[in-house]
Amino acid sequence: MTVNRARKTAQPPGSDHAAAQLRALIYPQTDYQPKPDSGAGPEHPHENLDRTVRATAARLTGGVSPHAFIEAWSDWTLHMARSPGRQLELIEHAQENVFKLTNYLLNIDDAAEPPFAPKAHDHRFAHAGWNRAPFEIWAQGFLAAQDWWDYATDHLRGLRPDDADRTRFMMRQMLDLMSPSNFPALNPEIIEATVQTRGRNLSEGAAHFAHDYLHTLTQAHIPAPPGYQIGKDLACTPGEVVFRNDLFELIQYAPQSETVQAEPILIVPAWIMKYYILDLSPRNSMVKYLVNQGFTVFVISWCNPTAEQAALSLEDYRKHGVMEALNAIGAIVPGEKVQAVGYCLGGTILAIAAATMARDGDDRLASITLMAAQVDFAEAGELLLFLDESQVAFLEDMMWDQGYLDRPQMARAFATIRAEDLIYSRAVRRYFLGQEDAPTDMGVWYADTTRMPARMHSEYLRGLFLENRLSAGRFAVEGQVIALKDIQAPMFVVGTEADHIAPWRSVYKTKLFTDNDLTFVLTNSGHNGGILSEPGHAGRHYRISPRPAGALYMGPDAWLARHAPRQGSWWGEWSQWLMDNSSGKTSAPAMGAPELGYPPITAAPGTYIHQT
């Protein structure tokens, strides 16, 4: 991060030390350093050897530090050992589960409800064969064990809540591995398919396994399947790249009418994945929807960083990303404020940029929309479970060695949160049932992963996730602390009910740290599906309420109880809110501004989207 330092003047004794302590409190810190050509400094001359060893270990463990596992198990075991009351409860709960299971199996009745049911997102036992003996015995036995372990890893007095949650997470991973649905001889769906196809499903599954294993080793790029080509079938809204630097391309989309809303929209996507989740297929493209509603839309398309870009910082993404995009839009659409939209990590950096602009008196933002984006990370969900000093140092050493956090390392982290569905159910379908993955637009996007530059990711993990500096008032930009409450532009904040990346209660806390006019929306589905909630999408609902500037805070559970769901898409409410924050219609702007150094460079979706 760039810090502006004033000219040094005479200071009282000890003031340098005090100033250093103050800087340590307010500036995001990172242990990332570019890999040196020679040994470490004189204080710890063999530190590079230690980091190399840890980086090698990190590759073997997928970037997960064993220390967090060991610490959690030790904490849980020691506290359980000195809690005879809880031990007695576990014995009683085991007896209850055995009684329920035995009673059900001895009095089998087609109309009787099984005593144990899978969780809402668990589809491993959906096949009808699991309702017949002996398969139902195995399924119910597994679910009974899962229920007992959920009870056993509940919070315990004296046990750190994080360690209880970590232990539960680890037990869930072990149970998912041992589920009867994973074994061909115990899974009625696999047995049925094997009989019907005379074993062809297993031979085709073996071919799928060999293909996936080779791809895991080589990490070769897999082209999109027919019907899902980037720029033709996906990310195909017409437009032009009107600005490019080493960090991003700025796409301006072609207007669909002669007049448009005066204030243009800038969309800041996350750089952990590619931007076209917001311009997916024509039927569910948010970009296309906004253009058709009469908005001038710009989108940032981030580069896919390489090892040479390891030193890219969080400040680079703000200054040379968001701010450069605003400068370009100001030249192309002069005299107009911008309606800024941030999604996921893009929403976090937009909030940082907006707070900095508010501090500096920069009033170019007409409104701010944050979609599934967090500004407070105290309740950041299961991604936060194993994020401690040991884990961050482990990841930093791995990134120090290779220059970035690689694509499969991030994909595994997200998949393990829903391992029963994203790992094991898929493996059963692909390797034992011999089924090809049916291509979908979101599936193609999900597989099109990106890297994370080492320095930026280290600063993000430490400054935001680990130390929660932004909402704590300890996040500095250019040498001065920023505050979210300084933001005066109206906000539209969207959370999704089933979000396991940015839990909606965490997203909701934006209301706690701001005083401006704010509208909060809670929509159903998950982190991506809830945002892609185009009009006409079946089964969608949302809750919405405005909060005027200066209103008293209401907690998320109280808010949920007071606001009934509305059927349909939240996009219509958002579009109307954007229009309400616009000054009216004007002539559509030209594409780019060649005379000011922003000529159309190439057709959308540009070139960075194709980087692998």
Side-chain angles (χ1 to χ4, degrees), residues 69 72-73 75-81 83-157 159 161 163-193 381-382 385 415-429 432-433 498 500:
F69 289 87
W73 273 115
D75 196 16
W76 180 83
T77 304
L78 290 172
H79 279 85
M80 187 63 70
S83 303
R86 179 59 66 87
Q87 294 174 32
L88 183 60
E89 289 175 9
L90 294 183
I91 293 171
E92 292 172 348
H93 195 76
Q95 290 172 338
E96 290 173 7
N97 283 8
V98 170
F99 176 78
K100 290 177 183 178
L101 192 61
T102 304
N103 186 61
Y104 174 73
L105 296 177
L106 292 179
N107 300 278
I108 294 178
D109 181 353
D110 290 341
E113 283 291 325
F116 303 101
K119 292 180 171 65
H121 54 266
D122 187 355
H123 307 292
R124 289 174 292 185
F125 305 106
H127 189 266
W130 290 108
N131 298 323
R132 301 190 302 267
F135 306 109
E136 67 177 347
I137 300 174
W138 301 328
Q140 284 295 302
F142 169 80
L143 294 173
Q146 187 180 68
D147 174 80
W148 186 87
W149 271 107
D150 281 347
Y151 191 80
T153 53
D154 202 0
H155 291 186
L156 179 64
R157 183 173 174 81
L159 173 65
D163 284 339
D165 294 338
R166 288 172 177 178
T167 307
R168 174 175 294 182
F169 180 84
M170 289 185 286
M171 274 312 306
R172 196 175 76 203
Q173 301 299 313
M174 286 187 258
L175 286 169
D176 287 342
L177 178 64
M178 301 307 296
S179 169
S181 59
N182 297 337
F183 299 91
L186 304 180
N187 188 322
E189 188 175 9
I190 298 174
I191 294 172
E192 182 181 297
E382 290 186 329
L385 276 182
T416 53
I417 295 175
R418 290 290 181 267
E420 62 276 282
D421 189 38
L422 297 179
I423 297 178
Y424 296 108
S425 292
R426 179 183 180 273
V428 167
R429 289 194 307 270
F432 293 136
L433 298 177
H500 60 280

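We use all heavy atoms of the structure for the numbers below, so side chains are in, but hydrogens, waters and symmetry mates are not.
- Here CD of Glu192 is found 9.5 Å from CG of Leu433. Values are rounded to the nearest 0.5 Å.
- Scanning both residues, Gly129 and Pro188, for their nearest heavy atoms gives C-CG, 3.6 Å.
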Between Ile191 and Phe135, is a side-chain contact (heavy atoms from CB on, under 4.5 Å) present by the stated rule, with each step listed?
-> CA-CA 11 Å; Ile191 294 172; Phe135 306 109; 3.9 Å; yes
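- Atom NE2 in His123 sits 7.5 Å away from atom OG in Ser425 (nearest 0.5 Å).
- Contact detail for Tyr151 and Leu90: the closest heavy-atom pair is CD2-CD2, 3.5 Å.
- In plain terms, the two heavy atoms of Asn182 and Leu177 that are nearest each other are ND2-O, 3.1 Å.
- Looking at Glu136 and Pro114, their side chains never come closer than 4.5 Å, going by heavy atoms from C-beta outward.
- Atom CZ of Phe99 sits in a sparse spot, with 12 or fewer heavy atoms from other residues, nucleotides or ligands closer than 6.0 Å.
- Gln87 places a side-chain N or O within 3.5 Å of a backbone atom of Met80 that can act as its donor or acceptor partner.
- Atom CH2 of Trp149 is separated from atom CE of Met174 by 7.5 Å, given to the nearest 0.5 angstrom.
- The CH2 atom of Trp73 lies 13.5 Å from the CZ atom of Arg166; values are rounded to the nearest 0.5 Å.
- Residue pairs meeting the salt bridge (charged side-chain N to carboxylate O under 4.0 Å, His left out) criterion with at least one member in residues 85-105, sequence neighbours excluded, are Arg86-Glu89.
- Closest non-hydrogen pair, Ile190 versus Phe432, comes out as CD1-CB, 3.5 Å.
- For Pro180, the side chain to side chain contact (heavy atoms under 4.5 Å, CB included) partners at least two apart in sequence or on another chain are Phe125, Trp130, Trp138, Phe142, Leu186.
- Within the model, atoms CG of Leu105 and CD of Gln140 stand 7.5 Å from one another, a figure rounded to the nearest 0.5 Å.
- For the side-chain hydrogen bond (donor to acceptor under 3.5 Å, both in side chains) with Asp150, the qualifying choice from Lys119, His93, Arg172 is Lys119, the only one to do so.
- Between Arg168 and Asp165 there is no salt bridge, since none of the side-chain N atoms of the basic residue sits less than 4.0 Å from a carboxylate O of the acidic one.
- Each of Asp163, Leu159, Leu156 was compared with Trp76 under the side-chain contact (heavy atoms from CB on, under 4.5 Å) criterion, and only Leu159 meets it.
- For the atom pair CD1 of Ile137 and CZ of Arg132, the computed distance is 13.0 Å after rounding to the nearest 0.5 Å.
- Counted by atom type alone, Asn187 and His127 present zero donor-acceptor pairs between their side chains at under 3.5 Å.
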